[in-house]
Amino acid sequence: MDNPHRAWWKRVHLRYTAANIGLPLFVLYFCSTVPCLWRTGSWTVAYSLATGLSITAGYHRLWGHQSYKACLPLRILLAAVGAGALQLPIRMWVADHRAHHRFTDSDRDPYNSRRGLFYSHIGWILTYDSTRFGHGGDGVDLGDLDSDPVVVWQRRLYYPLAGLMAFIFPACVAGLLWGDWMGGFLYAGCLRVVLVWHASYCINSLAHWVGDQPYSASNTSRNHIALAFLTLGEGYHNYHHAYPWDYRNGPRKCDFDPTKWWICTWEMVGLVWDVKRFRKVRNQVRPIAVHAKDT
């Protein structure tokens with residue numbers, strides 16, 4: 001267990017700190033000399049949405065909470081594109097997230113909001129220690145992940161796969177289709193990674209600091225519509241902590257939750273099944289499988 005009272009410089013994770021500070025500085029330095037073509041800008045937005053969806057629908061709702069089951073081709077696609085978000089292998093990401101849900105707001109919560117906004121946003125990454133939380137089974141069950149061949153495959157090949165999907169693939173798309181190799185690498189690659197990073201970080205930080213608590217006040221999680229727009233529907237965080245296995249974060253039809261809409265679409269075309277949402281039955285709340293038409 002990491003000791004929060006140790007001097008901060010003794011707890012810094014050098015590789016993650018270099019990435020989270022160095023990559024934004026790299027983008028700032030070169031963006032003044034590399035123009036962003038409109039096609040490259042559009043590709044940057046599209047690939048940001050694709051990698052972001054692979055985190056929200058894949059890493060989070062599929063593997064993190066088992067909110068639905070997906071066919072093998074879709075699982076491979078989500079794992080591959082999700083690697084391009086550079087948020088660690090599925091198994092490590094889910095281990096931290098399950099620890100967050102099980103030990104919310106405690107010292108065993110990887111991104112404990114009670115340690116401050118900066119810590120829950122990025123400080124926990126800058127001082128990351130993979131031995132602290134669930135990677136060896138410390139309080140969270142990862143058996144389902146260890147039996148999933150897609151998760152095992154992605155973990156084994158994560159670093160070359162991440163480099164390919166984060167930087168080489170977006171640069172090749174822009175370079176081969178309209179000749180903008182450097183713009184594709186800088187904007188659809190590097191800048192996109194930084195944007196998706198901080199959108200995801202906001203759920204760990206701001207979603208525990210701003211907004212309301214209509215479902216539960218037992219922890220610091222909150223709902224905020226602005227965060228939902230920023231994170232493809234993940235901003236209804238108070239609902240999510242109350243009913244974590246629900247495939248929806250925004251349970252109402254009017255809630256802005258594009259991840260929910262994608263899962264519904266996949267179900268309608270047969271790519272996913274056993275989609276779960278919570279309903280009250282005889283004063284109890286339990287997960288049940290639903291069809292997209294019920295959403």
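When a residue number appears, it is its place in the shown sequence, counting from 1.
Between Phe256 and Ile225, the shortest heavy-atom distance links the atoms CB-CD1, 4.2 Å. Taking every heavy atom of both residues into account, Leu161 and Ala80 meet most closely at CD2-CA, 4.1 Å. Across all their heavy atoms, Gly84 and Ala166 have their closest contact at O-CB, 3.5 Å. Nearest approach of Ala85 to Val196, heavy atoms of both residues: CB-CG1, 4.2 Å. The two residues Trp43 and Pro170 make their nearest non-hydrogen contact at NE1-O, 3.1 Å. Closest heavy-atom contact between Cys190 and Phe167: SG-CE2, 3.9 Å.
No side-chain heavy atom of Asn223 sits less than 4.5 Å from a side-chain heavy atom of Gln213. In this structure, the side chains of Ile76 and Leu72 come closer than 4.5 Å at one or more pairs of heavy atoms. Residues Tyr215 and Tyr243 meet the side-chain proximity criterion, which asks for heavy atoms closer than 4.5 Å. Contact check for Thr259 versus Asn249: no side-chain heavy atoms found under the 4.5 Å cut-off. Looking at Glu234 and His240, their side chains never come closer than 4.5 Å, going by heavy atoms from C-beta outward. Two residues are said to be in side-chain contact when any heavy atoms from C-beta on lie closer than 4.5 Å; Arg156 and Val152 meet this criterion. At a threshold of 4.5 Å between non-hydrogen side-chain atoms, the residues Leu78 and Leu62 count as touching. Contact of the Tyr201 side chain with the Thr231 side chain is not registered, since no non-hydrogen atoms from C-beta on lie closer than 4.5 Å.
When ring centroids are compared, Phe169 and Tyr47 come within the 6.0 Å threshold. The aromatic ring centroids of Tyr119 and Trp124 lie 6.0 Å or more from each other. Outside the 6.0 Å centre-distance limit, the rings of Tyr68 and Tyr247 are not counted as a close aromatic pair. Two rings, from His241 and His208, have their centers less than 6.0 Å apart.
Atom CH2 of Trp262 has 12 or fewer heavy atoms from other residues, nucleotides or ligands within 6.0 Å.
A donor-acceptor pair is defined here as one N or O able to donate and one able to accept, closer than 3.5 Å; no such pair exists between the side chain of Tyr236 and the backbone of Arg222. Distance alone, capped at 3.5 Å, is enough to place a donor-acceptor pair between the Arg98 side chain and the Asp141 backbone.
The OG atom of Ser67 lies 7.0 Å from the CD1 atom of Ile263; values are rounded to the nearest 0.5 Å. Interatomic distance, CG of Leu206 versus CG of Leu117, reported as 5.5 Å (0.5 Å rounding). Rounded to the nearest 0.5 Å, atoms CH2 (Trp197) and CD1 (Ile122) are 8.0 Å apart. Between the OG1 atom of Thr40 and the CZ atom of Phe185 there is a distance of 14.0 Å, given to the nearest 0.5 Å. Taking CZ from Arg248 and NZ from Lys260, the interatomic distance works out to 6.5 Å, rounded to the nearest 0.5 Å. Note that OH of Tyr59 and CD of Gln154 are 4.0 Å apart. Values are rounded to the nearest 0.5 Å.
Leu177 and Leu164 fall within the same hydrophobic cluster, where Ile, Leu, Val, Met, Phe, Trp and Tyr residues are linked whenever their side-chain heavy atoms come under 4.5 Å apart, directly or through other members. Under a hydrophobic-cluster definition in which Ile, Leu, Val, Met, Phe, Trp and Tyr are linked whenever side-chain heavy atoms come within less than 4.5 Å, directly or via other members, Ile125 and Ile55 are assigned to the same cluster. Cluster membership check: Leu191 shares its hydrophobic cluster with Met182, using side-chain heavy-atom separations under 4.5 Å among Ile, Leu, Val, Met, Phe, Trp and Tyr.
Ser205 and Ser120 are not linked by any side-chain donor-acceptor pair at a separation below 3.5 angstrom, with hydrogens and angles left out of the test. Defined by atom type and a distance below 3.5 Å, a donor-acceptor pair is present between the side-chain atoms of Asp246 and Tyr239. One side chain, Ser221 or Asn238, offers a donor N or O that lies under 3.5 Å from an acceptor on the other. Tyr111 and His97 share a side-chain donor-acceptor pair at under 3.5 Å.
Looking at Arg61 and Asp257, a side-chain N of the basic residue comes within less than 4.0 Å of a carboxylate O on the acidic one, giving a salt bridge.
Checking each of Thr104, Asp109, Asp105 against Thr220 for a side-chain hydrogen bond (donor to acceptor under 3.5 Å, both in side chains) leaves exactly one that passes, namely Asp105.
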Verify ring pair (Phe, Tyr, Trp, His ring centres under 6.0 Å) between His224 and His237, making sure each step is shown before the conclusion. CA-CA 8 Å; His224 201 289; His237 205 53; over 10 Å; no
Donor-acceptor contacts under 3.5 Å from residues 23-38 side chains, at least two apart:
unit_1	atom_1	unit_2	atom_2	d
Ser32	OG	Tyr29	O	3.3
Thr33	OG1	Phe30	O	3.0

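Counting only residues at least two apart or on different chains, the salt bridge (charged side-chain N to carboxylate O under 4.0 Å, His left out) pairs with a member in residues 62-80 are Lys69-Asp274, Arg75-Asp148.
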